[in-house]
Amino acid sequence: MPRAAPPATDLHGTLTVLCFPLSARPGITAEARTRTADWLDDTTERAVVTDVVLLVSELVTNAVRHAGAPGALLLARDESLLRIEVTDSSPRPPRPRLRRRPEDLGGLGLFLLTRLARRWGWYRDGPGKAVWCEVFLPPHRPLPAC
């Protein structure tokens with residue numbers, strides 16, 4: 001499991017950033033998924049968008065479920081890499097949960113992070129923490145001419 005690390009990243013050049021405040025209100029995870037999908041609308045590979053939306057869903061859900069007070073969703077991208085970061089109020093590091101029975105719900109979030117992200121980790125952020133991951137992005141669709 002990744003250890004606490006500073007938020008080093010391989011993002012370079014011109015960055016596009018979305019910061020979305022989170023709360024524990026009902027529907028926040030669905031709203032984060034929608035905002036993420038809309039923000040990645042120019043991504044040519046829809047399967048990548050689907051994976052990113054799933055990762056955002058897992059990170060936001062974990063912040064709500066295990067920390068109680070999520071902070072923010074940060075998405076930052078350059079031409080080929082996307083960093084997803086979710087902050088929360090809990091200082092506890094992310095820990096994988098073992099599913100006791102196949103029909104048990106939950107416990108797959110960190111497994112999905114490991115399988116879908118290029119890399120992931122966490123770091124202390126004030127009294128809480130941030131959990132982050134990075135995903136390779138395909139080329140963007142060109143913007144229409146003015």
Side-chain angles (χ1 to χ4, degrees), residues 1-13 15-141:
M1 182 170 120
R3 295 178 19 183
T9 182
D10 290 333
L11 290 170
H12 300 289
L15 299 182
T16 305
V17 176
L18 171 70
C19 187
F20 176 59
L22 300 171
S23 67
R25 67 181 161 73
I28 194 67
T29 300
E31 192 174 341
R33 285 192 303 260
T34 300
R35 298 280 296 266
T36 300
D38 290 348
W39 191 69
L40 292 172
D41 188 49
D42 66 341
T43 303
T44 58
E45 185 63 45
R46 297 317 298 169
V48 172
V49 174
T50 299
D51 288 350
V52 168
V53 168
L54 177 60
L55 291 170
V56 165
S57 184
E58 288 296 327
L59 290 175
V60 172
T61 298
N62 285 348
V64 171
R65 179 176 290 153
H66 301 295
L73 165 65
L74 173 70
L75 303 173
R77 71 191 258 191
D78 63 15
E79 288 298 315
S80 62
L81 191 67
L82 169 70
R83 184 179 179 102
I84 305 163
E85 193 167 294
V86 173
T87 59
D88 66 48
S89 62
S90 171
R92 289 177 301 172
R95 300 251 187 252
R97 287 188 327 167
L98 296 177
R99 295 174 70 197
R100 293 187 177 93
R101 300 172 306 200
E103 62 272 14
D104 288 347
L105 297 176
L108 295 175
L110 296 182
F111 171 78
L112 288 171
L113 270 179
T114 301
R115 298 290 292 178
L116 297 177
R118 170 182 174 258
R119 64 185 187 143
W120 74 275
W122 69 280
Y123 63 93
R124 297 232 183 263
D125 183 45
K129 69 177 171 304
V131 181
W132 60 269
C133 66
E134 293 177 343
V135 177
F136 285 119
L137 290 176
H140 305 291
R141 280 192 291 253

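Computed from heavy atoms alone, side chains included, the values below leave out hydrogens, waters and symmetry copies.
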Grab the two heavy atoms, one from [X] and one from [Y], that are nearest each other, plus how far apart they are.
| X | Y | answer |
| --- | --- | --- |
| Ala32 | Leu73 | CB-CD2, 4.1 Å |
| Ala72 | Leu22 | C-CD1, 3.6 Å |
| Ile28 | Ser23 | CG2-O, 3.2 Å |

[X] side chain vs [Y] backbone, donor-acceptor pair below 3.5 Å:
| X | Y | result |
| --- | --- | --- |
| Thr61 | Glu58 | no |
| Asp125 | Gly128 | no |
| Ser57 | Val53 | no |
| Thr87 | Ala130 | no |
| Arg124 | Pro91 | yes |
| Lys129 | Ser90 | yes |

In Å and rounded to the nearest 0.5 Å, what is the [atom1] to [atom2] distance from [X] to [Y]?
| X | Y | atom1 | atom2 | value |
| --- | --- | --- | --- | --- |
| Asp78 | Leu137 | CG | CG | 7.5 Å |
| Phe20 | Leu74 | CZ | CG | 13.0 Å |
| Cys133 | Leu55 | SG | CG | 4.5 Å |
| Leu54 | Leu112 | CG | CG | 5.0 Å |
| Arg46 | Thr44 | CZ | OG1 | 9.0 Å |
| Arg95 | His66 | CZ | NE2 | 13.0 Å |

Reference residue Leu59; test side-chain contact (heavy atoms from CB on, under 4.5 Å); the match among Asp88, Ile84, Thr29: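 Output: one option passes, namely Ile84.
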All pairs passing salt bridge (Lys or Arg N to Asp or Glu O under 4.0 Å) where residues 19-39 contributes a residue, at least two apart: Arg25-Glu31
If you define the side chain from C-beta out and look only at heavy atoms, does anything of [X] sit under 4.5 Å from [Y]?
| X | Y | answer |
| --- | --- | --- |
| Val17 | Leu75 | no |
| Leu82 | Trp39 | yes |
| Pro138 | Val48 | yes |
| Trp132 | Tyr123 | yes |
| Leu81 | Val135 | no |

Partners passing side-chain hydrogen bond (donor to acceptor under 3.5 Å, both in side chains) against Thr34 (at least two apart in sequence or in another chain): none
Neighbour count >12 (heavy atoms, 6.0 Å) for atom CZ, Arg118: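 Correct, the count exceeds 12.
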Criterion side-chain contact (heavy atoms from CB on, under 4.5 Å) on Asn62 and Val131, from CA distance to verdict: CA-CA 10 Å; Asn62 285 348; Val131 181; over 6 Å; no
By salt bridge (charged side-chain N to carboxylate O under 4.0 Å, His left out) - contacts of Glu45 (at least two apart): none
